S.K.: 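One structure, as structure tokens, below. Some questions next.
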Amino acid sequence: MISGNPLAELRKECEALLKGAMGSLRMEEALIKHFAFEKPPVWEFGQLATSICFELAKQAGEKPLALAQRLVQAVDKARLQLVKEVSAAGGYINFHVNFEQFSALTIESVRKLDAEYGLVKVEKPQKIIVEHTSVNPLHPIHIGQARNPMLGDALARMLSARGHTVFRHYYVDDVGRQTAVIAYGYEKLGKPKPTEKPDHFIGKIYTVTSCLVEINRLKRELERAKMVSADEEMAKISRELDDWVSVAFELKQKCPDLFERLLEKIGEDPDPEKSISELNKAYETGDERAKRLIREVSQLCLEGFKETLSRAGVFYDSWDWESDLVWSGLVAEALRKLRQTPFVTFLGGVLEFEAGKVVDVLALRERLGLRKDYEVPSLTLVRADGTTLYTTRDIAYTLWKFNKADKCINVIGMEQSLAQLQLKIALYALGFKDYAENLVHFAYNLVTLPGYKMSSRRGRYITLDEVLDEATRRAYEEVSKRSPQLSDEGKRKVAEIVGIGAVRYALVEVDPAKPVEFNWDRVLNFEKNSAPYIQYSHARACSILRKAARKPEKPDYRLLKEKLEQELVFALAEFPETFVEAVETLKPNLIADYANALADKFNTFYNAFPVIKAEPLELSDARLALVDAVRIVLRNSLNLVGITAPERM
RNA sequence: GGGCGGGUAGCCUAGCAAGGAUAGGGCGCAAGCCUCCUAAGCUUGUGGUCGUGGGUUCAAAUCCCACCCCGCCCGCCA
């Protein structure tokens, strides 16, 4: 017999036995809302348990323990299959697995279903867009942002494995002042050819330009403040200026040539600030020169991103340019529709969206989980100069996405929670209730650097490239030490798999709601609770199978009598349910945890018992099959979070 | 001021939606284990007012209320 979800079979049997027992005692099934089975704290208590007797005891006017004992008595022993024994203890009813049956069912199912084992499909597949990464094309992806693609890609893989049709979208945010800043600097330099990885190259120009323009602007403001002798204002500006001057000092040391040239060129411009906002405006209106320039810089930067991300195993189905939404009129269209609602007003020359009013009028408070008196702030849709704002364009983008999908998951930092809420409210306001309810903001917390705050504008960051390089370098050292027999190419391959796995795992393993403090020890962890640890366990399993040099032809699963073996079997059986839970709650870290726990059990087993040399042959074969099943599940779970499982390392 | 998220051993972290038996791991520290399928491993020990105080319940890390600490947001930035 084969099952895609052995644990569910067991659960079903437990439930049937329990209902049967209740029936024979003339107890109403309806007394119990749903039959929840939990894992007892100690293996010896059994593998599944229920605490319904605590609840039932009240109505029955009986002690929980006595009731549990009566129910256990009433269980129809003739119907036991996957369950060996039912017992009562402390008011709980414990179900002990019949491993003679269950081991065979589980191991055979895993080996038969192989790459599909555990990946339980949904009944109604949806079209889902996962929008992730979407780093602005201004500078290389830094480690603070790297959590996003790792989470987004893991989610996409998980949803796809669940049977959904998943599209991975990258939203290229090329509209806005920042892109104009980099394009401005790039043009001032005469559109130079990159002398290094293009996103790093762009990043330097961006930071220096941005810094010089900022200093220029602050100096002017300081002058202005002096004229009207606004002391407080002056002090504030001076502080900001000091900050940027120290940034300038850092940058001048880091890239002196670039700094000097930009200083000179920008110095020639009487009003850089103005040039930049003009460029920004020209781009939004679709001016050809601006288009060519900004697209060129953005494209250059994206090339760098693609290189980094594909190295990390992250790919996209669609690159959506924000500017296309503006030029094609979709943004204008969305604005027109919004204006027809009673929630948009002119206020001080700008167009405002009154999100708070929508919440009250459409009675969305409870649905959105908002507090009683909380008033959602209004959102400015259009600037006084007629240009649009980020969230406005995001409204148009979201409408566009819902033309292609049933559900949209936005992997965006939690600092944008309010904007994402306003976006959702805008969908309600437009009458797209269905869209609003299928829009998910997958919020995650920041990665911080101890000591100072990472700042892309200030050029203070650790790039993902650096981290990947360092991780693979370290992995190469390790592989060379441990597997000197491998060819250099072989070592490099393994090092890449292990190093990148380590980084991905570190960024996916923690609850996305919690901030992660970056430190090399965390990311370069090659010991327990890391990708390399799980990968190592997988390689060990492969190694056993390779050395055995035979298929397990006559396994006798009844011989798997050791507690460790049975625990391992049970863990394998749990995988499908862990997978389903992880996908339904969008928690990639559950998969990472599961894989780590399985690796843990496997290593204990590995250490305790021989496999190839086990006697008799039927036991050796049974263990071989078990090892094979562990291998499959380790690989499947690692793959779900985008980590490759090497066969040797 | 308001909103959101977080607070679990020296450090990091799981569990919280669906309350259940002895709160799982990891790092660190201490002591062991390679003539045996990869020691990136295994075993043992060490360490906890689950932020604080109330409440609900047979049962609270988990639910409710209040408060404290940390982070983020409340822009004609993205």
Side-chain angles (χ1 to χ4, degrees), chain A residues 33-34 36 38 40-42 45 49-51 54-55 57-58 63-64 89-92 94 134 136 173 175-179 322 347-352 369-371 373-377 379-385 387-391 393-394 412-419 421 443-446 448 475 478-479 481-483 498 502 509-511 513-517 519 521-522 525-530 532-537 539-548 584-585 589-590 593 596-597 599-600 603-614 623-624 627 648-649:
Chain A
K33 274 166 261 157
H34 71 291
E38 56 209 79
V42 185
F45 289 177
T50 174
S51 57
F54 291 97
E55 244 172 287
K58 262 177 283 177
K63 287 242 163 66
Y92 295 87
N94 294 330
S134 303
N136 296 354
D173 181 17
V175 181
R177 214 190 85 95
Q178 297 178 92
T179 336
E322 197 180 13
L347 213 109
V350 301
L351 206 60
E352 288 281 312
L370 302 174
R371 289 242 178 177
D373 298 316
Y374 175 62
E375 198 181 327
V376 181
L379 171 75
T380 302
L381 294 169
V382 181
R383 290 191 188 91
D385 72 356
T387 55
T388 54
L389 283 109
Y390 175 79
T391 308
R393 301 187 293 266
D394 207 4
I412 297 177
M414 62 162 227
E415 71 278 4
Q416 289 197 44
S417 295
L418 177 58
L421 176 66
Y444 62 94
N445 217 314
L446 290 126
T448 55
E478 290 291 315
V479 183
K481 223 185 300 171
R482 295 164 201 284
S483 304
V498 171
E509 170 238 9
V510 247
D511 183 338
K514 297 197 182 190
V516 169
E517 185 175 284
N519 61 67
D521 284 348
R522 185 196 283 270
N525 178 19
F526 284 20
E527 293 175 5
K528 285 195 80 156
N529 195 15
S530 73
Y533 174 73
I534 303 164
Q535 290 169 319
Y536 177 68
S537 314
R540 273 181 147 183
C542 291
S543 177
I544 292 176
L545 297 165
R546 198 165 48 236
K547 294 233 162 100
E584 296 314 307
T585 57
N589 52 316
L590 292 186
D593 274 348
N596 188 57
D600 237 331
N603 281 317
T604 306
F605 162 82
Y606 180 97
N607 205 256
F609 303 107
V611 174
I612 301 171
K613 291 181 189 159
R623 284 189 179 157
L624 264 181
V627 169
R648 12 179 137 224
M649 61 189 272

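Here the structure is a predicted model, which is why all the values come from computation and not from measurement. A note on names: the letters A, B, ... follow the listed sequences, proteins ahead of strands, and every chain is numbered from 1.
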S.K.: Looking across every strand, which nucleic acid part, if any, lies under 4.0 Å from A:Asp600 by heavy atom: base, sugar-phosphate, or nothing?
M.R.: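 Touches sugar-phosphate only.
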S.K.: Please indicate whether A:Arg383 has more than 12 foreign heavy atoms, meaning atoms of other residues, nucleotides or ligands, lying under 6.0 Å from its CZ.
M.R.: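 It does: A:Arg383 CZ has more than 12 such atoms within range.
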S.K.: Nearest to the side chain of A:Ile544, which nucleotide is it out of B:C37, B:C58, B:A21?
M.R.: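 Out of B:C37, B:C58, B:A21, the nucleotide with an atom closest to A:Ile544's side chain is B:C37.
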S.K.: Taking atom P of B:U22 as reference, at what distance in whole Å does atom CD of A:Glu38 sit?
M.R.: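 Distance, rounded to whole Å: 13 Å.
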S.K.: Minimum heavy-atom separation for A:Phe45 and A:Pro40, please, with both atom names.
M.R.: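 For A:Phe45 and A:Pro40, the tightest heavy-atom pair comes out as CB-CB, 3.7 Å.
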S.K.: Carefully, step by step, assess A:Glu509 and A:Asn596 under the rule side-chain contact (heavy atoms from CB on, under 4.5 Å).
M.R.: CA-CA 10 Å; A:Glu509 170 238 9; A:Asn596 188 57; over 6 Å; no
S.K.: Tell me the closest heavy-atom pair linking A:Val611 and A:Val627, and the distance in Å.
M.R.: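 Minimum heavy-atom separation between A:Val611 and A:Val627: CG2-CG2, 4.0 Å.
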S.K.: Both distances under 3.5 Å, Watson-Crick or G-U wobble: report the partner of B:A14, or none.
M.R.: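 The base-pairing partner of B:A14, which may sit in any strand shown, does not exist here.
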S.K.: Provide the closest heavy-atom pair for A:Tyr533 versus A:Glu527 in the form atom of the first, atom of the second, distance.
M.R.: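 Where A:Tyr533 meets A:Glu527 most closely, the heavy atoms are CB-O, 3.2 Å.
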S.K.: A:Ser543 side chain: which of B:G5, B:U38, B:A17 is closest?
M.R.: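 Of the candidates, B:U38 comes closest.
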S.K.: Counting side-chain heavy atoms from C-beta on, which of B:A21, B:G41, B:C76 comes nearest to A:Val350?
M.R.: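 Out of B:A21, B:G41, B:C76, the nucleotide with an atom closest to A:Val350's side chain is B:C76.
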S.K.: For B:U22, which nucleotide is its Watson-Crick or G-U wobble mate, given both distances must be under 3.5 Å?
M.R.: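 Check on B:U22: unpaired, no WC or wobble geometry under 3.5 Å.
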S.K.: Just checking A:Asn519: base, sugar-phosphate only, or nothing, at a heavy-atom cut-off of under 4.0 Å?
M.R.: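 Here A:Asn519 touches no strand at all.
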S.K.: Reading RNA chain B from 5' onward, which residue's closest nucleotide shows up sooner: A:Arg546 or A:Asn136?
M.R.: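 In this pair, the answer is A:Arg546.
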S.K.: Any side-chain to backbone donor/acceptor pair from A:Arg393 onto A:Thr388? Under 3.5 Å, distance only.
M.R.: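 Yes, A:Arg393 side chain to A:Thr388 backbone: donor-acceptor pair under 3.5 Å.
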S.K.: Heavy atoms under 4.0 Å, any strand shown: does A:Tyr533 hit a base, just sugar-phosphate, or nothing?
M.R.: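 The residue A:Tyr533 makes sugar-phosphate contact but no base contact.
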S.K.: For B:G1, what is the paired nucleotide under Watson-Crick or G-U wobble rules, both distances under 3.5 Å?
M.R.: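 Pairing partner, where one exists within any strand: B:C74.
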S.K.: Would you mind telling me which residue lines up with the more 5' stretch of RNA chain B, A:Val516 or A:Ala599, judged by nearest nucleotide?
M.R.: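 The residue mapped nearer the 5' terminus is A:Val516.
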S.K.: Distance between the C1' atoms of B:A23 and B:C4, in whole angstroms?
M.R.: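 After rounding to an integer number of Å, I get 28 Å for this pair.
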S.K.: Starting at CG of A:Leu347 and ending at C1' of B:C76, how long is that distance when rounded to a whole Å?
M.R.: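 Going from A:Leu347 (CG) to B:C76 (C1'), I get 12 Å.
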S.K.: Taking only N and O in the side chain of A:Arg371, is any of them less than 4.0 Å away from OP1 or OP2 of B:C4?
M.R.: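 Yes, such a contact exists.
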S.K.: Could you tell me the separation between the OH atom of A:Tyr444 and the P atom of B:G5, rounded to a whole number of Å?
M.R.: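 My rounded result for the distance is 18 Å.
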S.K.: What does B:A39 pair with, Watson-Crick or G-U, if both distances are under 3.5 Å?
M.R.: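 Across all strands, not a single nucleotide pairs with B:A39.
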S.K.: Mind checking A:Phe609 for me? I need base, sugar-phosphate or nothing, with any heavy atom below 4.0 Å counting as a touch.
M.R.: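 Base: the residue A:Phe609, judged by heavy atoms under 4.0 Å, touches a nucleobase.
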S.K.: Within the supplied structure, the quantity of interest is the number of heavy atoms (other residues, nucleotides, ligands) at a distance under 6.0 Å from A:Glu352 CD; does it exceed 12?
M.R.: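 Yes, the 6.0 Å shell around CD holds more than 12 heavy atoms from other groups.
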S.K.: On the nucleotide B:C27, are OP1 or OP2 found under 4.0 Å from the side-chain N or O atoms that A:Lys528 carries?
M.R.: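 No, no such contact exists.
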S.K.: Counting the atoms with a prime plus P, OP1 and OP2 as sugar-phosphate, which does A:Ala49 contact under 4.0 Å by heavy atoms, base, sugar-phosphate, or nothing?
M.R.: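 Result for A:Ala49 = base.
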S.K.: Base, sugar-phosphate or nothing for A:Thr604? Non-hydrogen atoms, less than 4.0 Å.
M.R.: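 Result for A:Thr604 = sugar-phosphate.
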S.K.: Please classify the glycosidic conformation of B:C34 as syn (within 90° of 0) or anti (everything else).
M.R.: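 Because its glycosidic torsion lies within 90° of 0, B:C34 adopts the syn conformation.
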S.K.: Measure from CZ on A:Arg177 to C1' on B:G75 and round the result to the nearest Å.
M.R.: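 After rounding, the reported distance stands at 14 Å.
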S.K.: When rounded to the nearest Å, what value does the distance between P atoms of B:G55 and B:G48 take?
M.R.: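 About 27 Å, rounded to a whole number of Å.
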S.K.: Identify whether any heavy atom of A:Leu418 sits under 4.0 Å from a base atom; if not, whether one sits that close to sugar-phosphate; answer base, sugar-phosphate or nothing.
M.R.: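 Since only primed, P, OP1 and OP2 atoms lie under 4.0 Å of A:Leu418, the category is sugar-phosphate.
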S.K.: On the side chain of A:Asn529, is there an atom forming a donor-acceptor pair with the base of B:A14 - under 3.5 Å, no angle test?
M.R.: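 By the distance-only test, no, there is no pair.
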S.K.: Measure across A:Met649 and A:Ala539 and return the closest heavy-atom pair with its distance rounded to 0.1 Å.
M.R.: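 Closest approach of A:Met649 to A:Ala539, heavy atoms only: CG-CB, 3.8 Å.
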S.K.: Would you indicate which nucleotide in B:G41, B:C37, B:U22 comes nearest to any side-chain atom of A:Val42?
M.R.: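 When the side chain of A:Val42 is considered, B:U22 is the closest of B:G41, B:C37, B:U22.
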S.K.: Could you check whether any side-chain heavy atom of A:Asp394 comes within less than 4.5 Å of a side-chain heavy atom of A:Gln416, counting everything from C-beta outward?
M.R.: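 A side-chain contact under 4.5 Å is absent here.
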S.K.: Nearest of B:C76, B:C27, B:C37 to any side-chain atom of A:Leu389?
M.R.: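 Output: B:C76.
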S.K.: State which of B:A14, B:G71, B:U38 makes the closest approach to the side chain of A:Met414.
M.R.: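 It is B:G71.
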S.K.: Whom does B:A66 pair with, Watson-Crick or G-U wobble, provided both distances fall under 3.5 Å?
M.R.: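 Per the H-bond distance test, B:U52.
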S.K.: Rounded to the nearest angstrom, tell me the gap between atom CD in A:Glu352 and atom C1' in B:C74.
M.R.: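 Distance check: A:Glu352 CD to B:C74 C1' gives 13 Å.
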S.K.: Would you say A:Lys547 places a side-chain N or O within less than 4.0 Å of OP1 or OP2 belonging to B:U38?
M.R.: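 Answer is yes, contact under 4.0 Å.
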S.K.: A:Asn525 CG to B:G25 P: how many Å, rounded?
M.R.: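 That distance rounds to 17 Å.
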S.K.: Under 4.0 Å, heavy atoms only, any strand: does A:Arg393 hit a base, just the sugar-phosphate, or nothing?
M.R.: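 Since only primed, P, OP1 and OP2 atoms lie under 4.0 Å of A:Arg393, the category is sugar-phosphate.
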S.K.: Indicate, with a heavy-atom threshold strictly under 4.0 Å, whether A:Glu375 touches base, sugar-phosphate, or nothing.
M.R.: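 It contacts nothing in the nucleic acid.
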S.K.: What is the separation between atom CZ on A:Arg522 and atom P on B:C12, rounded to the nearest whole Å?
M.R.: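 Computing the A:Arg522:CZ to B:C12:P distance gives 9 Å.
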S.K.: Roughly, in whole Å, what's the span from OH in A:Tyr606 to P in B:A39?
M.R.: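 Distance, rounded to whole Å: 5 Å.
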S.K.: When the P atoms of B:A17 and B:G75 are considered, how many whole Å apart are they?
M.R.: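 Straight-line distance between the two P atoms is 34 Å.
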S.K.: Please confirm whether the shortest side-chain N or O distance from A:Thr380 to OP1 or OP2 of B:G75 is below 4.0 Å.
M.R.: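 Negative; the distance criterion is not met.
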S.K.: Taking any heavy-atom pair under 4.0 Å as a contact, classify A:Ser530: base, sugar-phosphate, or nothing.
M.R.: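 If one applies the 4.0 Å heavy-atom cut-off, A:Ser530 turns out to touch nothing in the nucleic acid.
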S.K.: Between B:C12 and A:Lys514, is there an OP1 or OP2 to side-chain N/O distance shorter than 4.0 Å?
M.R.: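 So the side-chain polar atoms of A:Lys514 never come under 4.0 Å of the phosphate oxygens OP1 or OP2 of B:C12.
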S.K.: Choose from B:G41, B:A14, B:C37 the nucleotide whose nearest atom is closest to any side-chain atom of A:Asp593.
M.R.: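 For the A:Asp593 side chain, the nearest candidate turns out to be B:A14.
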S.K.: Does a nitrogen or oxygen in the side chain of A:Arg383 sit under 4.0 Å from OP1 or OP2 of B:C77?
M.R.: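 Yes, A:Arg383 has a side-chain N/O under 4.0 Å of OP1/OP2 on B:C77.
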S.K.: For B:C58 and B:G24, measure between their P atoms and round to the nearest Å.
M.R.: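 One P to the other, the span is 26 Å.
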S.K.: Would you mind classifying the nucleic acid contact of A:Pro377 as base, sugar-phosphate or nothing, using non-hydrogen atoms under 4.0 angstrom?
M.R.: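 Answer is sugar-phosphate: A:Pro377 comes under 4.0 Å of backbone atoms only.
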S.K.: Given B:A39, is OP1 or OP2 found less than 4.0 Å from the side-chain N or O atoms of A:Arg540?
M.R.: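 True: A:Arg540 side-chain N/O within range (under 4.0 Å) of B:A39 OP1/OP2.
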S.K.: Could you identify the nucleotide paired to B:G45, looking across every strand shown and requiring Watson-Crick or G-U wobble geometry with both distances under 3.5 Å?
M.R.: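 Base partner found: B:C29.
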S.K.: On a whole-Å scale, what distance lies between the C1' atoms belonging to B:G41 and B:C34?
M.R.: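 That atom pair is separated by 10 Å.
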